Amino acid sequence: MSPNILDDKIISIMRVSQLYCPTLKEAPREAEVISHQLMLRAGMIRKSAAGIYSYLPLGYKILRKCEAIIREEMNVVGAQEVHLPMVTASSLWQETERWDKYGKELLRFTDRHNNEFCLGPTHEEVITDLVRNELRSYKQLPVNLYQIQTKFRDETRPRFGLMRGREFLMKDSYSFDADEESLAETYITMIEAYKRIFKRFGVEFRVVEADSGSIGGSSSAEFMVLADVGEDLVIECPDCMYAANTEIFGDLKPESLCPSCNGANLSETRGIEVGHVFKLGQEYSKKMKATFVDKDGRPKPFMMGCYGIGVSRVVAAVIEQSHDHKGIKWPFSLAPFEVVVMISKTKDEVLYEAGERLYKDLQASGADVLLDDSSDSIGFKFKDADLIGIPIQVVVGRQFLESQEVEIIQRLTGEKTVMSYKDVISYVQTLVK
RNA sequence: CGGGGCGUGGCGCAGUCUGGUUAGCGCACCAGUUUUGGGAACUGGGGGCCGGAAGUUCGAAUCUUCUCGCCCCGACCA
């Protein structure tokens with residue numbers, strides 16, 4: 001029908017009959033935790049090597065939705081997106097002495113000229129090098145740069161699928177301020193932005209006090225998604241909302257008094273670290289001689305901050321928090337599709353036509369919709385839709401033949417509604433919002 | 001890096017202890033027919049050098065040695 005061949009191709013990947021999404025009834029044995037099992041079963045990821053994964057169309061789409069939310073919130077606070085190299089020269093790392101300190105986690109190699117490089121596990125050196133010669137005046141500050149990029153850390157023991165991979169996707173920001181006061185403002189702004197991001201991901205999280213000593217005498221906070229498989233222990237006080245990571249504050253026990261309000265109701269839970277913000281101060285700018293000219297005409301090292309979000313890890317964390325025995329329960333914000341239109345009997349021309357039309361109408365209304373036009377039985381379609389976790393399932397089936405009605409099932413609540421075919425678009429719009 | 005476990009069609013497994021027809025089962029895949037509201041049924045079919053190497057033996061998925069890969073616990077994780 002469409003005169004544009006390209007449009008047809010784009011649309012065709014939103015049909016189950018064309019979608020590359022190999023789902024599995026059983027989880028591969030290697031997968032221990034639920035998020036790993038479900039992502040494998042739902043055809044979102046596949047392992048390539050230990051701690052290294054490929055993202056299939058659905059997995060990649062989820063990642064992109066995650067990125068989009070992060071971008072929006074970063075841009076709102078005036079951070080600017082850049083893209084730094086993944087392969088980084090040893091000379092930069094030698095300036096901060098991390099070439100020696102970082103250890104085996106840094107994956108090193110040499111090029112044909114025998115120059116040493118590593119795959120970037122983090123980018124303080126690269127970003128500091130980028131700005132040190134061209135960010136010159138206090139008048140330009142503050143500047144906040146971020147990127148969303150693949151990182152590589154050669155962990156001794158990668159585990160739990162995307163939770164602790166060697167290769168993973170990370171959003172990292174670096175801020176440059178003129179003084180401590182300004183850095184403090186940037187730091188608070190970023191914490192607030194992070195809170196909005198994790199709220200939009202639909203997860204229950206805590207902002208916890210983290211190590212403040214080793215990096216340069218200022219503060220650090222971690223964003224923890226609460227989950228049983230979390231590798232960190234979080235202690236929190238219900239009286240004053242104080243929370244801390246016990247791996248860092250080893251002396252803090254559930255029976256201790258709250259260091260913030262002296263209350264005696266501390267409790268311990270497990271958490272997955274999905275974000276970490278630091279005040280770096282002048283740690284890197286001093287070592288790398290990255291200075292700007294201040295009001296008094298004299299050079300000063302930048303006051304730096306760095307702010308990370310484990311993008312691929314947060315996807316796993318969301319699943320850990322939101323699933324049931326049938327599969328994943330995505331919030332609308334991250335779901336690979338918002339709606340799936342299921343044709344109960346594809347061979348029935350009336351149903352097929354109706355499903356096709358509803359799919360196109362929903363798409364025109366702006367919904368992110370998948371059409372299940374496969375010849376599988378309706379039971380099979382239900383199982384896959386539940387596993388993948390599409391929030392709204394619309395069934396074009398026998399009610400349609402009888403009374404022009406379709407059934408709408410909500411994945412999160414299990415609520416089922418039968419309504420007239422023509423009312424579906426507006427109903428879906430109110431659900432998605 | 002210490003300890004433990006596992007490698008058999010794409011996935012899940014049996015067979016290994018006690019060597020012996022043609023390596024088997026479920027799912028998935030292909031063809032056909034009948035099906036279609038919660039992972040349909042039947043019939044027929046394709047796909048494996050049992051992780052790799054060396055050895056013992058008339059004979060190795062099975063025993064021995066080495067090696068590679070993967071998973072779990074711990075240590076480690078700006």
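A, B, ... follow the sequence lines: proteins, then strands. Residue 1 opens every chain. Quantities reported herein were computed from a predicted structural model and do not represent experimental measurements.
Between Leu106(A) atom CG and C77(B) atom P there is a gap of 15 Å when expressed in whole angstrom units. What separates CD1 of Ile272(A) from C1' of C77(B) is a distance of 16 Å, to the nearest Å. Nucleotide C72(B) holds its P atom 11 Å from the CE atom of Met163(A), rounded to whole Å. To the nearest angstrom, C1' of C11(B) lies 9 Å from CZ of Arg46(A). Taking atom NZ of residue Lys287(A) and atom P of nucleotide A78(B), one finds them 15 Å apart after rounding to whole Å. Straight-line distance from the CD atom of Glu231(A) to the C1' atom of C72(B): 13 Å, rounded to whole Å.
U56(B) is unpaired under the Watson-Crick or G-U wobble criterion, no partner having all donor-acceptor distances under 3.5 Å. Under the Watson-Crick or G-U wobble criterion, with both distances below 3.5 Å, A23(B) is left unpaired in every strand shown. Base pairing of U62(B): no nucleotide in any strand meets the Watson-Crick or G-U wobble criterion (both distances under 3.5 Å). With both pairing distances under 3.5 Å, C70(B) is matched to G5(B) as a Watson-Crick or G-U wobble pair. When both pairing distances are held under 3.5 Å, A40(B) makes a Watson-Crick or G-U pair with U34(B). C29(B): Watson-Crick or G-U partner is G45(B), with both key distances under 3.5 Å.
Contact check on Glu204(A) versus Arg206(A) returns a salt bridge, with a Lys/Arg side-chain nitrogen under 4.0 Å from an Asp/Glu carboxylate oxygen. Here Glu356(A) pairs with Lys360(A) in a salt bridge; the nearest charged N to carboxylate O distance falls below 4.0 Å. Ionic pairing of Arg108(A) and Asp154(A) is not present here: no N-O contact between side-chain nitrogen and carboxylate oxygen is shorter than 4.0 angstrom.
Taking atom P in both G48(B) and G19(B), the straight-line distance is 29 Å, to the nearest Å. As rounded to the nearest Å, U62(B) and C77(B) have C1' atoms that lie 42 Å from one another. Separation of the C1' atoms belonging to C30(B) and C70(B) is 31 Å when rounded to the nearest angstrom. Between the C1' atoms of G55(B) and G47(B), the separation comes to 31 Å (whole Å). To the nearest whole angstrom, the two P atoms, one in C66(B) and one in C25(B), are 36 Å apart. Here, U65(B) and G24(B) have their P atoms 30 Å apart, quoted to the whole Å. Rounded to whole Å, the C1' atom of C68(B) lies 32 Å from the corresponding atom of A78(B).
Under a 3.5 Å cut-off, the side chain of Tyr421(A) and the backbone N or O of Leu358(A) do form a donor-acceptor pair. No donor-acceptor pair closer than 3.5 Å links the side chain of Arg164(A) to the backbone N or O of Arg157(A). When atom types are taken as modelled, the side chain of Arg132(A) and the backbone of Ala290(A) share no donor-acceptor pair closer than 3.5 angstrom. Judged by distance alone, the side chain of Arg153(A) and the main-chain N or O of Pro121(A) form a donor-acceptor pair under 3.5 Å. Between the side chain of Arg41(A) and the main chain of Leu24(A), a donor-acceptor pair closer than 3.5 Å is present.
At a threshold of 4.0 angstrom between heavy atoms, the contacts of Phe400(A) with the nucleic acid are absent. Within 4.0 Å of Asp348(A), counting heavy atoms only, lies no atom of the nucleic acid at all. Among the atoms of the strands shown, none is found under 4.0 Å from any heavy atom of Ala31(A).
At least one side-chain nitrogen or oxygen of Arg159(A) sits closer than 4.0 Å to the OP1 or OP2 atom of C73(B). The side chain of Arg29(A) places an N or O atom within less than 4.0 Å of a non-bridging phosphate oxygen (OP1 or OP2) of C13(B).
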Please list, for nucleotides 38-43 of chain B, all pairs of protein and nucleotide N/O atoms separated by less than 3.5 Å.
unit_1 : atom_1 : unit_2    : atom_2 : d
G38(B) : N1     : Asp386(A) : OD2    : 3.2
G38(B) : N2     : Asp386(A) : OD2    : 2.2
G39(B) : O2'    : Lys25(A)  : NZ     : 2.8
G39(B) : O6     : Arg41(A)  : NH2    : 3.2
G39(B) : N1     : Asp384(A) : OD1    : 3.3
G39(B) : N2     : Asp384(A) : OD1    : 3.1
A40(B) : OP2    : Ser377(A) : OG     : 2.9

N/O contacts under 3.5 Å, protein versus nucleotides 30-34 of chain B?
none

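The side chain of Glu32(A) has C72(B) as its nearest neighbour among A78(B), G12(B), C72(B). Comparing atom distances between the Glu26(A) side chain and each of A78(B), C71(B), G12(B) picks out G12(B) as nearest. Of all nucleotides listed (C72(B), C77(B), A78(B)), C77(B) comes nearest to the side chain of Arg164(A).
If you find the closest nucleotide of RNA chain B to Gly397(A) and to Arg157(A), the one lying nearer the 5' end belongs to Gly397(A). Comparing Gln399(A) and Lys104(A) by the nucleotide of RNA chain B whose heavy atom lies nearest to each, the residue mapping closer to the 5' end is Lys104(A).
Put simply, the side chain of Tyr352(A) reaches to within 4.5 Å of the side chain of Asp373(A), judged on heavy atoms. Considering only heavy atoms from C-beta on, Tyr307(A) stays 4.5 Å or farther from Ile191(A) through its side chain.
The stretch residues 49-84 of chain A participates, sequence neighbours left out, in these ring pair (Phe, Tyr, Trp, His ring centres under 6.0 Å) pairs: His36(A)-Tyr53(A).
The cationic group of Lys61(A) lies under 6.0 Å from the six-membered ring centre of Phe337(A) and within 45° of the ring axis, placing it in a cation-pi geometry.
A donor-acceptor contact under 3.5 Å is formed by the side chain of Thr156(A) with the base of C76(B).
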